[in-house]
Amino acid sequence: MRDVRVVLIGGTSNVGKSTVAQVAAEKLGFECLTTDGLARHPGRPWRTPEWEVPAHVAEHYGSLTVDELITSVLGHYDRLWPRIEELITAHAAEDSGRKGLVLEGSALWPVRVARLQVPRTGAVWLTTDDALVRARVHAAGRYEAATNEEQHLMDKFLARTERYQTLMIDAIDRLGMDRIDAGGGQSAAELADTVLAAADAQTTVGRSSAGR
């Protein structure tokens, strides 16, 4: 790429951001980080062999409405933003002595990214059909074998995830920013190439002349 030192990859949960970001970072020789690593909001509310759902996570998804879940997660991202902006700024500086950075996460809210005044930074959002995200969560949480309570928590997580993506796409399109369909059967390497090409073509953070 030209002189891009920071690539931001946003999107809703389970859209494939982490995998694509890792591939993109390897291609560039950049560091790869996730906004979840800065301060995690209540995580996934389903069991895996390595993860038992903590009581506070079950309480979070079980007790709040979808509107309250959205308000909670967006508030968390607002509080996290100063740390994200500081990280972006540090890696974008040519004389920082740091590697370039690929940063992925749902906390990369379009309205805040659009206000960034940081050079050498590109931003792209991944989107996909709700049905694909639902299928991935159901597979990860073994939905068919789950208890009614476990299914209820997954349903609430998915309702929040789908609402988040709807709000995110509305913001992206209103701002004329770049988004890429991650549900078309492309490999992670193909999606990484598309992300990097979009970032390389941007004239301001998140916006190219062909913003979509």
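Partner of L28 under the side-chain contact (heavy atoms from CB on, under 4.5 Å) criterion, out of V4, L101, V23, L196: L196 alone. Checking each of W81, Y77, Y164 against W109 for a ring pair (Phe, Tyr, Trp, His ring centres under 6.0 Å) leaves exactly one that passes, namely Y164. Here the rule is side-chain contact (heavy atoms from CB on, under 4.5 Å) with R160, and of T12, L64, L69 only L69 fits it. Among the candidates T127, D130, T128, the single residue satisfying the side-chain hydrogen bond (donor to acceptor under 3.5 Å, both in side chains) test with Q165 is D130.
Under the 4.5 Å side-chain contact rule for hydrophobic residues, W51 and L158 share a cluster. Hydrophobic clustering (side-chain heavy atoms under 4.5 Å, transitive across Ile, Leu, Val, Met, Phe, Trp, Tyr) keeps V66 apart from V133. Criterion: ILVMFWY side-chain heavy atoms under 4.5 Å apart, direct or through other members. Under it, V73 and V111 are part of a common hydrophobic cluster. Linking Ile, Leu, Val, Met, Phe, Trp and Tyr whenever their side-chain heavy atoms come within less than 4.5 Å puts W125 and V205 in one cluster. Under a hydrophobic clustering in which Ile, Leu, Val, Met, Phe, Trp and Tyr are joined whenever their side-chain heavy atoms come within less than 4.5 Å, directly or via other members, L108 and L87 fall into the same cluster.
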*Hey, mind stepping through Q202 and D178 against side chain to side chain contact (heavy atoms under 4.5 Å, CB included) and telling me if it holds?*
CA-CA 9 Å; Q202 290 174 356; D178 289 336; 2.9 Å; yes
*In sequence, state the C-alpha distance, the side-chain angles, and the governing distance for N14 and F157, and then conclude on side chain to side chain contact (heavy atoms under 4.5 Å, CB included).*
CA-CA 11 Å; N14 291 273; F157 176 90; 3.8 Å; yes
_Audit row: L103, V7, side chain to side chain contact (heavy atoms under 4.5 Å, CB included) steps and yes/no_ = CA-CA 6 Å; L103 179 65; V7 178; over 6 Å; no
*Determine, step by step, whether M177 and V113 satisfy the side chain to side chain contact (heavy atoms under 4.5 Å, CB included) criterion, reporting the C-alpha distance in whole Å, the side-chain angles of both residues, the deciding distance to 0.1 Å, and the verdict.*
CA-CA 10 Å; M177 304 184 88; V113 174; 4.2 Å; yes
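Take R174 and apply the side chain to side chain donor-acceptor pair (under 3.5 Å) test, not counting sequence neighbours, and it matches no residue. R47 is linked by a side chain to side chain donor-acceptor pair (under 3.5 Å) to E150, counting only residues two or more places apart in sequence or in another chain. Scored by the salt bridge (charged side-chain N to carboxylate O under 4.0 Å, His left out) test, D129 finds no partners at all (sequence neighbours excluded).
V102 approaches A24 most closely through the heavy-atom pair CG2-C, 4.3 Å. Contact detail for R44 and V53: the closest heavy-atom pair is O-CG2, 4.4 Å. Heavy atoms only, all atoms of each residue included: A198 and V124 are closest at CB-CG2, 3.8 Å. The two residues T48 and A140 make their nearest non-hydrogen contact at CG2-O, 4.3 Å. Here the closest non-hydrogen pair linking T161 and S13 is CG2-O, 3.8 Å. Across all their heavy atoms, L175 and A114 have their closest contact at CD1-CB, 4.1 Å.
A donor-acceptor contact shorter than 3.5 Å is absent between the side chain of E85 and the backbone of L116. With hydrogens and angles ignored, the 3.5 Å screen pairs no side-chain donor or acceptor of R207 with any backbone N or O of G176. Between the side chain of H76 and the backbone N or O of A39 there is at least one donor-acceptor pair closer than 3.5 Å. Without hydrogens or angle criteria, Q186 side chain to E190 main chain gives no donor-acceptor distance under 3.5 Å. With hydrogens and angles disregarded, no donor-acceptor distance shorter than 3.5 Å links the side chain of S72 to the backbone of I70. For the pair K156 (side chain) and Y61 (backbone), a donor-acceptor distance under 3.5 Å is present. For R5 (side chain) and H91 (main-chain N/O), a donor-acceptor pair under 3.5 Å exists by modelled atom type. Not one N or O on the side chain of Q22 forms a donor-acceptor pair closer than 3.5 Å with the backbone of T19. Between the side chain of R120 and the backbone N or O of A92, at least one donor-acceptor pair lies under 3.5 Å.
Counting heavy atoms from C-beta outward, R134 and V137 have side chains that stay 4.5 Å or more apart. Within the 4.5 Å cutoff, the side chain of K27 has heavy atoms near those of the D193 side chain. Looking only at side-chain heavy atoms (C-beta outward), R163 and D67 come within less than 4.5 Å of each other.
To the nearest 0.5 Å, the span separating CG on L126 from CG on D181 amounts to 9.5 Å. S106 OG to I9 CD1: the interatomic distance, rounded to the nearest 0.5 Å, is 12.5 Å. We find the OG1-CE distance between T166 and M168 to be 9.0 Å, quoted to the nearest 0.5 Å. If you take CD1 on I172 and CG on L167, they are separated by 11.0 Å, rounding to the nearest 0.5 Å. Taking CD1 from I88 and CG from L8, the interatomic distance works out to 4.5 Å, rounded to the nearest 0.5 Å.
Other residues, nucleotides and ligands contribute over 12 non-hydrogen atoms within 6.0 Å of the CD atom of E68. Within 6.0 Å of CD on E149 lie no more than 12 heavy atoms contributed by other residues, nucleotides or ligands.
E104 and S18 are linked by a side-chain donor-acceptor pair at a separation below 3.5 angstrom, with hydrogens and angles left out of the test.
Geometric assessment of R142 against the ring of W46 yields a negative cation-pi assignment under the 6.0 Å and 45° thresholds.
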